[in-house]
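Working notes, beginning with the structure itself.
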Amino acid sequence: MRRRIVKDAGFTLVEILCVLALIGLMTSVVVLNMPTPKSSLDKQAELLTGQVNAMVQDGLISGSVTAAGFSKDGYALYVFENSEWSERAAAQWSDSYRLTLSRATAKLDMPKTAEPLILFQPTGLSTPFELTLSDRETKYALLSKGDGQIELVKFAP
């Protein structure tokens, strides 16, 4: 007597292809929803904007005059205490960026060292200014219209 061997154990080619298609679809959804890595300019512009806005808010609360200074090498944030400027935060630019600074519609030459140039009054008023930071791919502008708030604007490449 011959025995018949049943070959129903296993998967068909169609079933395997369907599983591979589903895995591919799920992988593409994950990859497309991953955040893009930020460049050093992106990080630097966001950090600077956050620091300046926090300093302005602290000055409003404490009733102190605060200031920001920019140079080709970096920036510094100041508070006017005891009849003198004291530095609260300072940082160097992480890369060599192209910088321009305009204060009240007048373009300024970037100083060699950071010094208090942009004043923020405890009343909420400030010096209107525009600081642009750019590299090969991206350009940002930190803008203040004189209302004490700093806005970060990213220009399309």
Side-chain angles (χ1 to χ4, degrees), residues 18-157:
C18 288
V19 169
L20 288 176
L22 286 172
I23 290 172
L25 286 173
M26 289 188 296
T27 303
S28 65
V29 167
V30 169
V31 168
L32 291 174
N33 287 321
M34 290 178 62
T36 57
K38 292 184 177 183
S39 70
S40 65
L41 180 63
D42 295 332
K43 293 174 188 174
Q44 193 94 51
E46 290 174 5
L47 176 67
L48 177 59
T49 304
Q51 286 180 327
V52 172
N53 279 325
M55 178 196 63
V56 170
Q57 293 301 316
D58 287 346
L60 287 171
I61 293 168
S62 67
S64 302
V65 176
T66 56
F70 306 102
S71 72
K72 293 179 181 181
D73 298 326
Y75 63 91
L77 306 177
Y78 303 92
V79 175
F80 195 72
E81 297 176 320
N82 302 324
S83 301
E84 66 181 15
W85 290 107
S86 50
E87 191 175 286
R88 291 297 168 156
Q92 300 294 314
W93 303 120
S94 59
D95 288 327
S96 57
Y97 302 128
R98 290 182 297 279
L99 305 165
T100 58
L101 178 62
S102 300
R103 185 174 62 182
T105 68
K107 187 174 178 180
L108 302 174
D109 291 330
M110 292 300 284
K112 291 183 181 180
T113 60
E115 54 191 48
L117 291 174
I118 309 299
L119 298 178
F120 300 94
Q121 301 295 329
T123 59
L125 300 176
S126 66
T127 307
F129 76 95
E130 178 179 336
L131 174 70
T132 60
L133 304 158
S134 59
D135 61 10
R136 291 183 181 177
E137 297 98 27
T138 315
K139 181 179 180 181
Y140 281 98
L142 279 75
L143 303 170
S144 173
K145 297 176 184 166
D147 59 359
Q149 290 297 310
I150 308 303
E151 180 184 356
L152 181 63
V153 177
K154 182 177 182 179
F155 295 98

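For the numbers below, each heavy atom of this structure counts, side chains included, while hydrogens, waters and symmetry mates do not. The first residue in the sequence is number 1, and the count goes up from there.
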*Provide the full list of ring-ring contact (aromatic ring centres under 6.0 Å, His included) pairs with a residue in residues 29-76, sequence neighbours left out, each pair given once.*
Tyr75-Trp93

*Scan for ring-ring contact (aromatic ring centres under 6.0 Å, His included) pairs involving residues 28-63, sequence neighbours excluded, and state none if there are none.*
none

Exam field: side chain [X] to backbone [Y], donor-acceptor pair closer than 3.5 Å:
X      : Y      : value
Asn53  : Gly50  : no
Thr127 : Leu119 : yes
Arg98  : Asp135 : yes

*asked:* Can you list everything that forms a side-chain contact (heavy atoms from CB on, under 4.5 Å) with Ala90? Sequence neighbours excluded, please.
replied: Ala76, Glu87

Please name the pair of heavy atoms, one in [X] and one in [Y], separated by the smallest distance, quoted to 0.1 Å.
X      : Y      : value
Thr27  : Ile23  : OG1-O, 2.8 Å
Trp85  : Thr66  : CZ3-C, 4.0 Å
Ser28  : Leu25  : OG-O, 2.8 Å
Gly69  : Tyr78  : N-CE1, 4.1 Å
Arg103 : Leu117 : NH1-O, 3.0 Å
Ser71  : Ala114 : CB-N, 3.6 Å

Distance in Å, [X] [atom1] paired with [Y] [atom2], rounded so as to fall on 0.5 Å steps:
X      : Y      : atom1 : atom2 : value
Met110 : Leu131 : CE    : CG    : 6.0 Å
Thr132 : Tyr97  : OG1   : OH    : 13.5 Å
Leu125 : Lys145 : CG    : NZ    : 15.0 Å
Leu60  : Thr123 : CG    : OG1   : 8.0 Å
Lys154 : Glu46  : NZ    : CD    : 8.5 Å
Asp73  : Lys112 : CG    : NZ    : 10.5 Å

_Going by salt bridge (charged side-chain N to carboxylate O under 4.0 Å, His left out), name the residues that satisfy it together with Glu81, two or more places apart in sequence or in a different chain._
Arg88

*Identify, with sequence neighbours excluded, every residue that meets salt bridge (charged side-chain N to carboxylate O under 4.0 Å, His left out) alongside Lys43.*
none

Is the closest side-chain heavy-atom distance between [X] and [Y] below 4.5 Å?
X      : Y      : value
Phe129 : Leu108 : no
Asp58  : Phe120 : no
Gln57  : Gln149 : yes

_I'd like to know whether Gln121 forms a side chain to side chain contact (heavy atoms under 4.5 Å, CB included) with Val65, so could you lay out the CA-CA distance, the side-chain angles of the two residues, the decisive distance to 0.1 Å, and finally the verdict._
CA-CA 5 Å; Gln121 301 295 329; Val65 176; 3.7 Å; yes

*Only one of Leu47, Thr138, Leu152 forms a side-chain contact (heavy atoms from CB on, under 4.5 Å) with Asp42, so which one is it?*
Thr138

*asked:* Checking Ser62 now: which residues fulfil side-chain hydrogen bond (donor to acceptor under 3.5 Å, both in side chains) with it, not counting sequence neighbours?
replied: Ser64

